[in-house]
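A short write-up of the structure that comes next.
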Amino acid sequence: MSLRSDLESGKFVITAEIGPGKGTDVTEIAEVAELLRGRVTAANVTDQQSSVMRLGSLATCHLLVDHHLEPVLQMTCRDRNRIALQSDLLSAWVLGVHNVLALTGDLPHLGDHKDAIGVYDLDSVQLLSVISRLNEGYDMMGNELQGKPDFFAGAVVNPGADTEASFDLQLFKMEKKIKAGAKFFQTQAVYEPDKFARFMKRVEGFGVPVLAGVIPLKSVGMARYMNKNVSGVFVPEETIQRLAAAEDKTRAGIDLCAELIRDLKDLCQGVHIMPIGWEKRVPEILDKAGL
Amino acid sequence: MLRSKQKPFEEILRYLEGENRVFILGCDGCAQASGTGGPVQVAEMKSKLEAEGKTVTGTDVVPFLCEKALIKSRLARKAKAVMSADSILVLTCGVGIQAVAASVNKLCHPGCDTQNLGGSRGEWPGSERCAECAECVLELTGGICPLTACTKHLLSGQCGGASKGKCELSPDRDCGWELIYHRLKALGRLDKLSYLAPPKSWAKMAPDPAIMSSPEYALEMPAVKEASGE
Ligand code: SF4
Ligand code: SF4
């Protein structure tokens with residue numbers, strides 16, 4: 001079982017996301033890896049998520065390899081120029097990290113080092129082209145590599161883009177990402193299966209597997225915060241009310257997430273769970289969802 | 001003062017592929033001074049394009065192409081020639097090209113690359129902005145600069161951070177790629193969004209040392225020397 005072989009064989013794939021913390025304490029990562037192993041096909045490790053400085057994705061991915069949990073290296077274009085990006089990709093390969101997810105990256109402004117420069121030397125589509133080139137045995141300048149990687153590259157798409165222009169732009173970019181070498185997609189968090197079904201109809205013809213992103217809701221406040229601040233995420237009022245009415249919010253959050261996964265299951269090729277602090281509850285969510 | 005360099009003729013021909021009728025627009029300001037878009041270069045470009053079998057529906061050299069009011073009043077007089085063309089080839093700086101693209105509902109091809117003057121920019125009247133990248137990509141974007149209109153200067157399209165047409169940076173800032181989308185849609189050229197843009201050469205953005213010792217870079221220098229009695 002590997003992410004590539006599972007997706008290629010058409011299996012319904014489950015991935016989850018792990019966010020490294022700030023500092024060198026990796027106890028929790030080890031615990032989470034043990035819990036997730038066998039329950040998910042692979043685990044993404046975020047790259048300085050929300051532009052908050054933390055332990056790196058590459059080192060964390062390497063730890064997951066040690067724990068026999070297949071990692072997906074998330075790589076943003078925000079913090080590194082093309083030299084560092086390519087070098088880190090080669091480093092990842094020799095450390096046993098074989099999947100990579102190419103992202104643009106949030107602006108530094110959103111994080112805890114607001115005065116940092118945002119690099120964006122390459123963008124996500126260009127990064128995917130570079131990964132494809134490395135796979136062929138060349139760097140982006142055409143210099144030959146001594147020993148080449150064979151990355152399984154993926155990308156993200158936001159099915160909830162909130163203007164018609166934005167929705168169209170997402171589709172154009174998705175097509176370009178595929179042309180540049182993306183073999184799978186993970187989406188921004190989805191809460192409305194109907195809308196997601198319409199999105200899937202539009203991208204069906206692209207022939208690339210899509211894993212629907214889900215974020216379990218921990219509180220009403222969190223849902224409202226996301227609706228206000230997270231681009232493309234919309235938690236319907238009805239869902240918020242169900243959470244508000246529940247006595248045990250944790251239970252309700254898990255139930256809602258499991259229910260959502262069941263609704264999404266027949267629409268796409270997999271789900272990508274972004275637990276944001278609830279990493280240890282992922283097995284419970286999957287139990288409830290019958291996966 | 002913005003300093004420009006004409007793009008290689010083959011590149012201009014690539015932009016015009018599939019189009020037969022073109023209107024050429026030059027600028028009597030910085031482009032004339034740069035030797036890239038004054039009356040002489042516009043006439044040259046006209047004969048070169050005609051030699052390639054293109055029909056030049058008309059030409060004009062406007063005093064300042066960065067001034068939208070001027071563009072509109074000048075082009076109004078040649079409206080027929082402009083509107084009967086498939087596109088406009090604009091021989092001027094990035095600001096001028098963007099100002100034309102914003103004023104006329106016609107696809108505008110950039111004929112020049114704007115070079116970095118190392119901070120010696122002066123003023124221009126338009127609201128369009130050019131980062132002097134020396135490798136103008138306005139061809140891909142309907143004449144809106146992705147380097148200045150998009151906070152992350154992305155070349156491949158919108159990032160995931162846009163919300164309700166505004167940039168991730170702030171709800172007060174339009175998302176540059178939404179503007180590009182609407183412009184291309186109005187032009188019926190959304191197909192341009194499918195093009196895989198190569199990575200930029202940021203090295204070209206460094207000001208050329210030769211430019212930095214030119215009069216355009218240091219227009220104020222003689223005055224300073226005079227004042228200090230040199
Ligand atoms: S792409 Fe933008 S920054 Fe570069 S020359 Fe054109 S207008 Fe100027
Ligand atoms: S929101 Fe729009 S303008 Fe802002 S960085 Fe993303 S693509 Fe660029």
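Chain letters run A, B, ... following the sequence lines, proteins first, then strands; residues in each count from 1. The figures that follow rest on heavy atoms only: side chains count, while hydrogens, waters and symmetry mates do not. These numbers were taken from a predicted model, which means no experiment stands behind them.
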I'd like to know which of B:P171, B:S163, B:C167 tops the heavy-atom pair count under 4.5 Å against chain A.
B:S163
Look at the side chain of A:K179 and the backbone N and O of B:S194, then say whether any donor-acceptor pair between them is shorter than 3.5 Å.
yes
Side chains of A:V119 and B:K152, heavy atoms from C-beta outward: is any pair under 4.5 Å?
no
Nearest heavy-atom approach of A:Q126 to B:S156 is CG-OG, 4.2 Å
Rounded to the nearest 0.5 Å, how far apart are CD of B:Q158 and NZ of A:K173?
8.0 Å
Can you check whether anything in residues 197-205 of chain B gets within less than 4.5 Å of chain A, heavy-atom wise, and list it by number?
B:A197, B:P198, B:P199, B:K200, B:W202
Pick one of side chain, backbone, both or neither for A:D121, based on which atoms fall under 4.5 Å of a heavy atom in chain B.
both
Among side-chain atoms of A:S231 and B:E168, is any donor-acceptor pair under 3.5 angstrom?
no
Side chain / backbone / both / neither for B:L190 at chain A, heavy atoms under 4.5 Å:
both
Could you measure the distance from the CG atom of A:L171 to the CG atom of B:L193? Nearest 0.5 Å is fine.
11.0 Å
Do you know the tightest heavy-atom contact between A:T163 and B:G165?
CG2-N, 3.7 Å
Where B:G160 and A:N158 come nearest, the two heavy atoms and their spacing:
O-ND2, 3.8 Å
First locate atom SG of B:C159, then atom CG of A:L107, and finally report the distance between them rounded to the nearest 0.5 Å.
7.0 Å
Under 4.5 Å, heavy atom to heavy atom: which of residues 184-201 of chain A reach chain B? Give them by number, or say none.
none
Identify the two heavy atoms, one from B:L196 and one from A:V125, that lie closest to each other, and give their separation to 0.1 Å.
CD2-CG1, 3.7 Å
Looking only at heavy atoms, what is the nearest atom pair of A:S166 and B:E178, with distance?
CB-OE2, 3.2 Å
Answer whether the closest heavy-atom distance between the side chains of B:K185 and A:E164 falls below 4.5 Å.
yes
Quick check on the interface: out of A:V157, A:L122, A:D168, A:V230, who has the most heavy-atom pairs with chain B under 4.5 Å?
A:D168
